[in-house]
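Because the structure is predicted, anything quoted here is derived from the model rather than measured.
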Amino acid sequence: MIKNKFYVTTPIYYVNDTPHIGHAYTTILADVLARFHRALGDDVFFLTGVDEHGQKVQQAAEKRGLAPQQHCDDLAPRFSSLWKELGISNDDFIRTTEERHIRVVQSILQKVFDNGDIYQKEYEGLYSVAEERFITEKEAESGQFREVKVLKEKNYFFRMSRYQERLIRYIEENPGFIRPEHRKNEMLGFLRQPLTDLCISRPKSRLAWGIEIPFDRDFVTYVWFDALINYISAVGYLSDEEKFKRWWPASAQLIGKDILTTHSIYWTTMLFSLELPLPEVIFAHGWWLMGESKMSKSLGNVIKPLDLIEQHGVDAVRYYLMSEMNLGSDANFTLENFIKRYNSDLANDFGNLLNRVSGLIGKYFEGVIPGQGDLSEADREIAAQASTLGSRVEELVRQYKVDAAIDQIMELIRVVNKYMEVQAPWKLAKTDLPAAGRVLYVATEALRIAAVLLRAVMPDKAGRVLEILGVQASGLVWGGLESGVKLPIFPPLFPRIELEKV
RNA sequence: CGCGGGGUGGAGCAGCCUGGUAGCUCGUCAGGCUCAUAACCUGAAGGCCGUACGUUCAAAUCGUACCCCCGCAACCA
């Protein structure tokens with residue numbers, strides 16, 4: 001089998017931010033894709049990390065009386081340990097203050113400077129003393145800023161404008177590059193106006209906490225040539241050419257819709273300047289809207305999605321986030337929806353099916369998985385649907401339709417519940433025990449295949465199902481379930497959430 | 001005329017690109033089953049697919065205009 005490579009990235013999160021549902025969503029999505037692709041046999045590299053430079057970090061560190069690096073060292077684990085909790089299977093975690101990153105950023109700056117794509121220019125603009133940043137005229141008119149003065153500052157600029165035409169052509173010629181499609185159109189719309197060049201530096205007098213620009217020690221580079229470079233510095237650009245060749249270009253760069261411009265325009269033109277290929281896909285997902293009216297701090301009923309993990313488990317939250325959002329649009333996060341999803345899909349359909357089959361096997365076969373025997377017409381239908389599930393799910397995952405892929409799996413679960421109803425092995429057992437055994441084998445084997453695929457979404461719980469069924473077989477071929485295995489007694493995987501308790 | 005997205009049975013969404021009996025999950029009502037986490041299965045009710053024109057033998061699907069929501073407008077996933 002030819003192995004495809006799959007290199008997936010999340011944005012690097014700003015270390016000073018408190019991790020929230022948004023960070024978790026992007027990262028879980030990347031994890032689910034990574035796990036699906038590993039299950040398909042692809043070679044996977046999954047990168048996430050944190051962005052540690054910039055003014056806010058510098059200020060926050062000062063406030064705490066710490067060196068910025070110390071401050072970052074304290075904060076970075078808030079992300080990395082959350083990912084551990086969430087079962088994230090990233091292969092690397094890059095921090096922009098790491099030596100391996102800084103070196104590459106500086107080499108790149110020098111390279112682009114030598115290309116003639118970085119130049120110095122004096123900039124004059126309105127500057128807010130309180131916020132320590134330049135503001136637009138509109139902002140100044142809004143009256144939100146008290147102390148505004150005109151400030152002149154020299155800075156370095158990246159000649160982004162040079163690549164405008166080329167980028168437009170590229171986007172048009174590669175319709176699958178920016179996804180979903182309406183985001184592509186948004187970017188093409190943006191590119192109808194002339195691109196201005198990008199300010200990429202800050203004088204050290206104003207911002208000390210950054211990567212020093214190699215050709216002008218009085219400056220540090222500001223965000224773009226620092227943060228975005230992580231996607232290539234982490235996989236060996238200018239340091240490990242073999243590794244770099246192996247992984248770049250990225251297969252999928254996942255971002256929230258808010259940083260679409262940054263990635264599809266700044267990042268891509270930077271890559272043009274470096275003469276590197278662009279990522280295959282930049283996918284901008286939507287946002288989770290937090291249930292609106294019903295939540296208010298005064299009512300004291302604010303839901304912190306990450307708290308649900310403690311109550312109902314990581315996998316339930318992962319499942320909810322992945323199944324509820326149509327990738328690319330926004331979705332609403334509400335406790336009601338979460339409970340509905342959990343109860344109907346996980347407790348009633350999936351978890352309960354496991355209990356049905358294992359209960360019957362316990363009752364009529366002393367807990368030992370029966371043999372499948374000669375399949376009837378109805379059995380073969382189930383076997384056929386289960387056997388093709390893998391390829392149907394694969395197709396959907398490759399199209400970034402994760403919710404639809406999950407639905408395909410749950411559809412099999414529903415069909416098996418129906419099959420149980422029609423075959424009624426609890427009745428069959430009294431007249432034709434082997435037939436009952438056959439039905440139970442078929443139902444359980446279908447459940448196994450569903451669990452194998454669900455491991456991408458719920459590594460822990462779906463893995464537990466396979467454990468219970470006593471299978472190492474993670475294959476998707478019919479018949480992986482072994483007869484003769486004794487099933488253990490186990491508590492319900494997904495106990496129903498009773499509304500009264502909530 | 002800044003840009004973009006959306007308006008589909010009670011709720012949440014899919015379908016629209018490549019026109020041709022309106023689909024899914026939840027909820028409601030009735031029935032069935034009783035192996036199971038009061039779960040599971042069947043059936044039913046419920047939609048003029050935002051509005052109006054137009055193209056077409058045929059439009060939720062294409063075109064035009066309008067109305068209403070929501071984002072973005074240069075680092076909050």
Engineer: Could you check whether any side-chain N or O of Q253(A) sits under 3.5 Å from a backbone N or O of I282(A), counting only pairs where one atom can act as donor and the other as acceptor?
Structural biologist: no
Engineer: Whether the side chain of Y13(A) and the base of rA77(B) hold a donor-acceptor pair under 3.5 Å is what I'd like checked.
Structural biologist: no
Engineer: Across the strands shown, which category fits T27(A) at heavy-atom distances under 4.0 angstrom: base, sugar-phosphate, nothing?
Structural biologist: nothing
Engineer: Would you indicate which nucleotide in rG71(B), rC35(B), rU37(B) comes nearest to any side-chain atom of L493(A)?
Structural biologist: rU37(B)
Engineer: Quote, to the nearest angstrom, the C1' distance that separates rG4(B) from rG9(B).
Structural biologist: 29 Å
Engineer: How many whole angstroms separate atom CD of Q164(A) from atom P of rA74(B)?
Structural biologist: 17 Å
Engineer: Select one nucleotide: of rC35(B), rA77(B), rU37(B), the one nearest the side-chain heavy atoms of F494(A).
Structural biologist: rU37(B)
Engineer: Using the C1' atoms only, state how far rA58(B) lies from rC1(B), rounded to an integer number of Å.
Structural biologist: 36 Å
Engineer: Quick one: on RNA chain B, does K401(A) or V422(A) contact a more 5' nucleotide (nearest heavy atom)?
Structural biologist: K401(A)
Engineer: Which of the following nucleotides, rA77(B), rA74(B), rU37(B), is nearest to the side chain of R496(A)?
Structural biologist: rU37(B)
Engineer: Look at E395(A) together with R392(A) and state whether they make a salt bridge at an N to O cut-off of under 4.0 Å.
Structural biologist: no
Engineer: Just to be sure I understand the rule, does G256(A) reach a base, reach only the sugar-phosphate, or reach nothing, if contact means heavy atoms closer than 4.0 Å?
Structural biologist: sugar-phosphate
Engineer: Assign N352(A) to base, sugar-phosphate, or nothing according to its heavy-atom contacts below 4.0 angstrom with the strands shown.
Structural biologist: base
Engineer: Check the distance between rG2(B)'s P and E186(A)'s CD and give it to me in whole angstrom.
Structural biologist: 16 Å
Engineer: Could you tell me whether D432(A) and R438(A) make a salt bridge, using a distance below 4.0 angstrom between a side-chain N and a carboxylate O?
Structural biologist: no
Engineer: Inspect the surroundings of CD in E181(A) and state if more than 12 heavy atoms from other residues, nucleotides or ligands are less than 6.0 Å away.
Structural biologist: no
Engineer: Please tabulate, one pair per line, each protein N/O and nucleotide N/O from nucleotides 26-28 of chain B that are separated by under 3.5 Å, including the distance.
Structural biologist:
unit_1	atom_1	unit_2	atom_2	d
rC26(B)	O2'	K340(A)	NZ	3.4

Engineer: Looking only at the side chain of K257(A) (C-beta and beyond, no hydrogens), which of the listed nucleotides rU37(B), rC33(B), rG71(B) gets closest?
Structural biologist: rG71(B)
Engineer: Choosing from rG12(B), rC41(B), rG71(B), which nucleotide comes nearest the side chain of E324(A)?
Structural biologist: rG12(B)
Engineer: If I pick the P atom on rC26(B) and the same atom on rC40(B), what distance separates them, to the nearest angstrom?
Structural biologist: 8 Å
Engineer: Work out how far the C1' atom of rG27(B) is from that of rC66(B), and round it to whole angstrom.
Structural biologist: 35 Å
Engineer: Given T10(A), which of T48(A), T27(A), D31(A) fulfils the side-chain hydrogen bond (donor to acceptor under 3.5 Å, both in side chains) condition?
Structural biologist: T48(A)
Engineer: So what does L360(A) touch, heavy atoms closer than 4.0 Å: a base, only the sugar-phosphate, or nothing?
Structural biologist: base
Engineer: Rounding to an integer number of angstrom, what distance separates rG20(B) and rA30(B) when you compare their P atoms?
Structural biologist: 38 Å
Engineer: If you check the K418(A) side chain, which of rU37(B), rC35(B), rC41(B) turns out closest?
Structural biologist: rC41(B)
Engineer: Would you kindly give the CG-to-P distance between D407(A) and rC13(B), to the nearest whole Å?
Structural biologist: 15 Å
Engineer: Write down the distance between CG (N348(A)) and P (rA38(B)), rounded to a whole number of angstrom.
Structural biologist: 9 Å
Engineer: Is there a donor-acceptor contact under 3.5 Å from the side chain of T26(A) to the main chain of G22(A)?
Structural biologist: yes
Engineer: Regarding K418(A) and E421(A), does a basic nitrogen lie under 4.0 Å from an acidic carboxylate oxygen?
Structural biologist: no
Engineer: Does K340(A) come within less than 4.0 Å of E336(A), counting only side-chain N to carboxylate O?
Structural biologist: no
Engineer: For atom C1', what is the distance between rG10(B) and rC53(B), given to the nearest Å?
Structural biologist: 32 Å
Engineer: Can you give me the closest heavy-atom contact between D403(A) and S323(A), atom names plus distance?
Structural biologist: CB-O, 3.6 Å
Engineer: To the nearest angstrom, how far is M420(A) atom CE from rC33(B) atom C1'?
Structural biologist: 12 Å
Engineer: Taking the side chain of D258(A) as heavy atoms from C-beta outward, which of rA77(B), rU37(B), rC40(B) is closest to it?
Structural biologist: rA77(B)
Engineer: I'd like the C1' distance from rC13(B) over to rA22(B), given in whole Å.
Structural biologist: 14 Å
Engineer: Think K461(A) forms a cation-pi with F494(A), using NZ or CZ under 6.0 Å from the six-ring centre and within 45 degrees of its axis?
Structural biologist: yes
Engineer: How many whole angstroms separate atom CD of Q423(A) from atom C1' of rU34(B)?
Structural biologist: 17 Å
Engineer: With a 3.5 Å cut-off and heavy atoms only, can you find an N or O donor on one side and an acceptor on the other between the side chain of T10(A) and the base of rA77(B)?
Structural biologist: no
Engineer: What's G286(A) touching, base or sugar-phosphate or nothing? Going by heavy atoms closer than 4.0 Å.
Structural biologist: base
Engineer: Within 45° of the ring axis of F272(A) and under 6.0 Å from its six-membered ring centre, is that where the NZ or CZ of R166(A) lies?
Structural biologist: yes
Engineer: Looking only at the side chain of F190(A) (C-beta and beyond, no hydrogens), which of the listed nucleotides rC33(B), rA74(B), rG4(B) gets closest?
Structural biologist: rA74(B)
Engineer: Counting Watson-Crick and G-U wobble pairs with both distances under 3.5 Å, what is the dot-bracket string for RNA chain B, 5' to 3', using [ ] for crossing pairs and | for pairs to another strand?
Structural biologist: .(((((((.[[[[.)....(..]]]].(((((.......))))).....[[[[[..)....]]]]])))))).....
Engineer: Using whole Å, report how far OH of Y400(A) lies from C1' of rA77(B).
Structural biologist: 17 Å
Engineer: Report the distance from atom CH2 of W426(A) to atom P of rC41(B), rounded to the nearest whole Å.
Structural biologist: 11 Å
Engineer: Measure the acute angle between the ring planes of F79(A) and Y13(A), then classify it against the limits of 30° and 60° as parallel, tilted or perpendicular.
Structural biologist: parallel
